[in-house]
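Encoded as structure tokens, the structure appears first; notes follow it.
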There are 2 protein chains.
Amino acid sequence: MAADKREHILTVAEELFGDNGFDGTSVRDIAQKAGVNLAMISYYFGSKEKLLEALIELRAGYSFGILEELNKDETLSPWDKIDRLVEFYVEKVLNNLRFHSIMYREATNVRSEEIRDRIINIKLRNLEQITKIIQDGQQKKLFREIDIPMTMGSLMGTISSYTQARPYGCQVLALGYDANDEAYRSKLAPRLKAHLKQLLRAHLDIANLGSPSKG
Amino acid sequence: MAADKREHILTVAEELFGDNGFDGTSVRDIAQKAGVNLAMISYYFGSKEKLLEALIELRAGYSFGILEELNKDETLSPWDKIDRLVEFYVEKVLNNLRFHSIMYREATNVRSEEIRDRIINIKLRNLEQITKIIQDGQQKKLFREIDIPMTMGSLMGTISSYTQARPYGCQVLALGYDANDEAYRSKLAPRLKAHLKQLLRAHLDIANLGSPSKG
DNA sequence: CACAAAATTAAACAAACGTTTGAATTAAAC
DNA sequence: GTTTAATTCAAACGTTTGTTTAATTTTGTG
């Protein structure tokens, strides 16, 4: 009973924080939308700040296991792994639009140094796994030398640029301004995947050395 | 006198909005840091919301002229234009870190539909100019077929991923956690430029057709 | 200097904020 | 069935919020 309600509050908070930001959401907003008494939020979480931390704790960090698994999988070629990587991140972000917004907008500003360090460490560990995947491709003479952390930024940044600037994204995708999550997701996901695979293939392929024919 | 003080308030507001968000900044914060009386903000701008709109009005939209100029320049090859594009955007964003944060975090949530539409239109017009540059390269058989809006997302998103997640960026760049703006900028700018030029060259080059040697 | 307009101020406003209280209700344990 | 603990509630707490007021000072003009 208690666990259900606790999680329900977190789900509602995720939606509101994602849409209106942490400072743009009041505890009363959350209580009303969740249909619980105002005092229950302090009762369960202690404070608004700790509610955010509980939310991050609940949602963050599950990607590491999957990346580690992908890294260790010896049945997949490095090229296959890059494709899987793209699919994994596009799906992950697009299926957690609100939470991703929170992480992107507020996580760095979270007052708790503990949470902030946790987020940085998660990102660094993910980067580590991806570094291994790419280095494996380089050792097998498939991938060329690239700036791996910047490439990781291109992967995540491309996705984020369309999840954060949604009204613009709707225009580009020829969707109505008020397209719902599902409509946006189903139009954006294949487009992002195709682009990112093409982009990373060209970027990584060892055949693509030397500068282009200057014309 | 009045114009000076008005602009000074806007500059201070930009800094605070950029660091703490719109909802995370009070008009009293702005007044205190700007050294002006609280009532002056209503006096000059009418409201906090209109102050944000005045800030966006002041800073946004100057990039269009530069892109148009770049587009029309016939002394530069399409490849040169791509390099210029990268340099332009990296410099522009890194020299306006706070304002870029505001645009990225809050602009889509601005209550004023007018401002929101203005921002979308600016982005669409910029996209139009860049589309022309790339199509020119395609007609000259230098560039291959790509998804231009998604590529634009990769360009802007890569930069944003390192301006928005700064503590993580400091780690990647081997900077202290508390690196100041200038230190961050001077380490990040050349790294971003080099990566994005390499990335876009590989992505655009017509020589890079076909899928990589699956291994 | 005199006068009107603009700029600045301290103080106050009502509303919204996060949080706490203490009593009332429900659930669990024996 | 009684007792104890966990949960829920309306109400209130003290701050902080954005904005306005009305008086005062400064500035520009004839």
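To find a chain, count down the sequence lines: A is the first, B the second, and so on, and within it residues start at 1. Computed from a predicted structure; not experimentally measured.
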Requested in this report: Provide, to the nearest angstrom, the distance between the CG atom belonging to Leu38(A) and the C1' atom belonging to dA12(D).
Outcome: 11 Å
Report summary line: Here the distance between atom C1' of dT26(C) and atom NZ of Lys5(A), to the nearest Å, is 11 Å
Query - From Leu196(A), Leu192(A), Asn126(A), Thr158(A), residue fulfilling side-chain contact (heavy atoms from CB on, under 4.5 Å) relative to Tyr89(A) - result: Asn126(A)
Requested in this report: Return no unless some side-chain N or O of Ser26(A) is found under 4.0 Å from OP1 or OP2 of dA16(C).
Outcome: no
Query - Ring geometry between Phe143(A) and Trp79(A) (parallel below 30°, tilted from 30 to 60°, perpendicular above 60°) - result: perpendicular
Query - Asn37(B) vs dA10(C): side-chain N/O to OP1/OP2 distance below 4.0 Å - result: yes
Report summary line: On a heavy-atom basis, the closest approach of Gln138(A) and Ile146(A) is NE2-N, 3.9 Å
Query raised in the report: Rounding to a whole Å, what distance do you find between Phe17(A):CZ and dG18(C):C1'?
Result: 12 Å
Report task. Check whether any side-chain nitrogen or oxygen of Tyr43(A) sits under 4.0 Å from OP1 or OP2 of dT20(C), and answer yes or no. Result -> no
Query raised in the report: Considering Watson-Crick and G-U wobble pairs with both distances under 3.5 Å, what does dA10(C) pair with?
Result: dT21(D)
Report task. Would you mind reading off the distance between Lys48(B) atom NZ and dG18(D) atom C1', rounded to a whole angstrom? Result -> 8 Å
**Report entry** Which nucleotide in dA7(C), dT19(C), dT21(C) has an atom nearest any side-chain atom of Arg28(A)
**Finding:** dT19(C)
Query - Euclidean distance, atom CG of residue Leu52(B) to atom P of dT19(D) [Å, nearest integer] - result: 12 Å
Query - Residue pair Gly24(B) / Asp23(A): nearest heavy atoms and the distance that separates them - result: CA-OD2, 3.5 Å
Query - Whole-Å gap separating P (dA7(C)) and CZ (Arg6(B)) - result: 11 Å
Requested in this report: Output the single nucleotide from dT8(D), dT19(C), dT21(D) whose closest atom is nearest the side chain of Ala39(B).
Outcome: dT21(D)
Report summary line: Met40(A) atom CE is separated from dA11(D) atom P, nearest whole Å, by 18 Å
Query raised in the report: Tell me: CG of Leu51(A) to C1' of dT19(C), nearest whole Å?
Result: 14 Å
Query raised in the report: With a 4.0 Å cut-off on heavy atoms, is Ser42(B) in touch with a base, just the backbone sugar-phosphate, or nothing at all?
Result: base
Query raised in the report: Any ion pair linking Asp83(A) and Arg201(A) (charged N to carboxylate O, less than 4.0 Å)?
Result: yes
Query raised in the report: Heavy atoms under 4.0 Å, any strand shown: does Ile41(B) hit a base, just sugar-phosphate, or nothing?
Result: nothing
